[in-house]
Amino acid sequence: MPRGPRWIVVLLAMATFALGACGGPFPQSALDPASDFAWKLQDLFEGIFFWAVVVFVLVEGALIVAILRFRERPGGPEPKATHGNTLLEISWTLAPAIVLVLIAIPTIKTIWDVDRPPRGESLVIEAIGHQWWWEFRYPDLGVVTANELHIPVGKQIDIRLTSADVIHSFWFPRLGGKRDVLPGHENQLWFTADSAGLYLGQCAEFCGLSHALMKMELVAESPEEFEAWVEHQRSDAVVADSAAFAEGSQAFLQGGCIACHAVRGTIAQGVIGPDLTHIGSRRRIAAGILDNTPENMRHWIANSQAVKPGSLMVVPELDDETLDRIVTYLQGLK
Ligand code: HEC
Ligand SMILES: [Cu+2]
């Protein structure tokens with residue numbers, strides 16, 4: 001093949017891969033804002049991007065003109081030296097300095113704006129990072145849950161971030177900037193979601209072997225739906241009146257699970273793992289990595305170390321019957 005066409009093929013292939021990234025959907029795109037915080041970042045980004053395009057066109061345009069007009073031609077005169085031209089030196093020092101100041105002003109303004117404490121009334125949520133899952137507490141509402149946040153649309157949320165072990169980072173890209181989650185220090189993050197929906201988030205600071213599997217979900221819903229969710233979550237475990245459920249609850253209590261898990265309203269009061277009082281009502285399990293189906297739950301309980309390498313959930317080997325009973329029980333904890 002002649003040289004030309006081969007390059008065209010390479011370019012086309014590269015363009016195809018690059019464009020492939022534009023396919024969507026983008027559940028974790030920071031460029032699709034859904035809260036006041038995220039909009040502040042978007043506005044800053046768009047403003048700076050516009051000016052960057054102007055600078056780019058001017059600079060690259062000047063470069064192309066210089067290349068075309070002033071290139072060396074056979075028999076042409078020697079170019080004039082510009083070394084020591086004070087006017088040129090001052091202008092190409094000043095121009096970038098002005099550009100940097102113009103970028104710095106809105107940037108610093110935005111940083112101050114998202115860093116200050118929240119104004120006005122807000123719903124306080126405590127988010128505690130654990131290797132490798134998220135604990136969520138609503139101190140004023142008496143709700144404790146894990147990995148699945150619920151918030152009312154249009155209400156300011158004030159999230160207090162701490163860690164039970166190492167440094168994590170809390171990030172829902174569509175709702176705002178990431179923020180460090182530190183042991184022994186409380187960080188704060190606030191925003192108001194502007195539209196209902198399901199938002200995906202994850203830990204954004206390397207925190208050990210299964211860092212990539214430390215995800216979370218946020219359900220933004222109408223105040224009425226949120227109210228109903230709270231009402232349900234704050235209640236004790238809903239006990240189904242069936243023999244299978246009773247057997248399962250026995251298996252759960254005897255299987256060592258209560259060393260780490262709590263099921264409110266029973267003697268299970270462990271605090272090392274997620275609160276399982278309403279585990280049956282969660283969309284996903286094990287920090288957002290598996291759909292909450294009986295098969296997946298069974299798989300997780302029997303193979304937590306394979307599903308999540310290094311997981312702090314360590315259980316003795318359970319026989320099939322015990323596993324089935326436990327799964328029936330947990331799935332029943334709606
Ligand atoms: C040594 C402590 C420990 C024991 C014992 C333990 N777990 Fe866990 N469990 C954890 C931890 C930690 C997690 C969070 C794992 C993660 O997502 O990284 C977890 C997560 C879970 C989850 C998913 C919860 C959620 O919110 O998604 C289920 C279900 C579960 N465990 C069931 C069980 C059952 C059933 C047993 C008993 C057979 C058991 N666990 C025993 C520590 C434990
Ligand atoms: Cu983490």
Side-chain angles (χ1 to χ4, degrees), residues 127-137 143-149 161-171 178-183 187 201-217 233 237 247-263 266 268-334:
I128 302 150
H130 294 257
Q131 282 175 316
W132 289 279
W133 59 283
W134 299 94
E135 177 181 350
F136 298 125
R137 297 174 164 269
V143 170
V144 178
T145 183
N147 304 322
E148 186 179 304
L149 256 182
L161 300 157
T162 51
S163 167
D165 36 51
V166 300
I167 299 179
H168 304 275
S169 179
F170 184 91
W171 195 29
K178 39 178 106 120
R179 197 141 291 178
D180 276 352
V181 177
L182 309 167
N187 268 348
Q202 67 185 79
C203 179
E205 176 83 46
F206 181 70
C207 59
L209 209 52
S210 279
H211 158 68
L213 301 175
M214 184 169 169
K215 305 188 182 199
M216 54 185 161
E217 297 189 336
Q233 293 292 317
E247 275 173 4
S249 117
Q250 277 307 314
F252 181 77
L253 295 177
Q254 285 158 9
C257 318
I258 64 172
C260 301
H261 291 290
V263 178
T266 75
Q269 299 294 332
V271 293
I272 302 197
D275 187 302
L276 299 180
T277 309
H278 296 288
I279 179 70
S281 71
R282 294 215 261 280
R283 293 172 30 86
R284 317 203 90 208
I285 55 168
I289 62 169
L290 297 172
D291 280 334
N292 190 2
T293 63
E295 299 75 43
N296 283 344
M297 191 175 271
R298 194 176 199 284
H299 181 58
W300 164 252
I301 295 168
N303 308 288
S304 51
Q305 293 303 313
V307 177
K308 225 176 206 188
S311 162
L312 297 184
M313 169 151 154
V314 184
V315 288
E317 208 170 295
L318 301 166
D319 58 66
D320 279 350
E321 201 188 359
T322 310
L323 263 177
D324 287 338
R325 285 179 173 168
I326 291 179
V327 170
T328 309
Y329 170 65
L330 292 180
Q331 290 287 317
L333 294 177
K334 293 292 181 199

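Both ligands and their constituent atoms are indexed starting at 1 by order of listing. Excluded from the calculations below are hydrogen atoms, water molecules and symmetry mates; all remaining heavy atoms, backbone and side chain alike, are included.
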Would you call [X] and [Y] a side-chain contact if the rule is heavy atoms closer than 4.5 Å?
X	Y	result
F136	E148	no
T322	I326	yes
L213	P309	yes
I258	Q269	no
W132	C207	yes

Quiz item: Are there any protein N/O/S atoms under 2.8 Å from atom 8 (Fe) of ligand 1, and if so, which?
Solution: H261 NE2, M313 SD
Would you compute the distance between atom [atom1] of [X] and atom [atom2] of [Y] and round it to the nearest 0.5 angstrom?
X	Y	atom1	atom2	result
M216	W171	CE	CH2	10.5 Å
I128	W133	CD1	CH2	8.0 Å
M297	Q331	CE	CD	4.5 Å

Exercise. Please identify each residue that fulfils side chain to side chain donor-acceptor pair (under 3.5 Å) with S249, with sequence neighbours left out.
Key: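 Listed in chain order: nothing, the list is empty.
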Practice problem: List for me each residue that meets side chain to side chain donor-acceptor pair (under 3.5 Å) alongside H261, sequence neighbours excluded, and say none if there are none. | Solution: none
Quiz item: Close to the Cu ion (ligand 2), meaning under 2.8 Å, how many protein N, O or S atoms are there?
Solution: 4
Which of the atoms in ligand 1, numbered in the order shown and given with their element, are less than 4.0 Å from a heavy-atom of [X]?
X	answer
W300	15 (C), 20 (C), 21 (C), 22 (C), 23 (C), 28 (C), 30 (C), 31 (N)
L318	38 (C)
N147	25 (C), 26 (O), 27 (O)
A286	17 (O), 23 (C), 25 (C), 27 (O)
I326	35 (C)
G256	5 (C)

Quiz item: What class does the angle between the rings of Y329 and F252 fall in, given that below 30° is parallel, 30 to 60° is tilted and above 60° is perpendicular?
Solution: tilted
Quiz item: Which atoms form the tightest heavy-atom contact between K308 and S210, and what is the distance?
Solution: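 Between these two residues, the closest heavy atoms are C-OG, 3.4 Å.
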Quiz item: Does the pair R298/D320 count as a salt bridge with the N-to-O cut at 4.0 Å?
Solution: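 Yes, charged N to carboxylate O under 4.0 Å.
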Practice problem: Using distance alone, determine whether K308 and ligand 1 share an N or O pair under 3.5 Å. | Solution: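 Such a contact does occur with ligand 1.
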Quiz prompt | Contact (N/O only, under 3.5 Å) between Q131 and ligand 1 | solution = no
Practice problem: Check the side chains of T293 and D291 for a donor-acceptor pair under 3.5 angstrom, ignoring hydrogens and angles. | Solution: no
Quiz item: What part of R282 sits under 4.0 Å from ligand 1 if we count only heavy atoms: the side chain, the backbone, both or neither?
Solution: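 The side chain, only.
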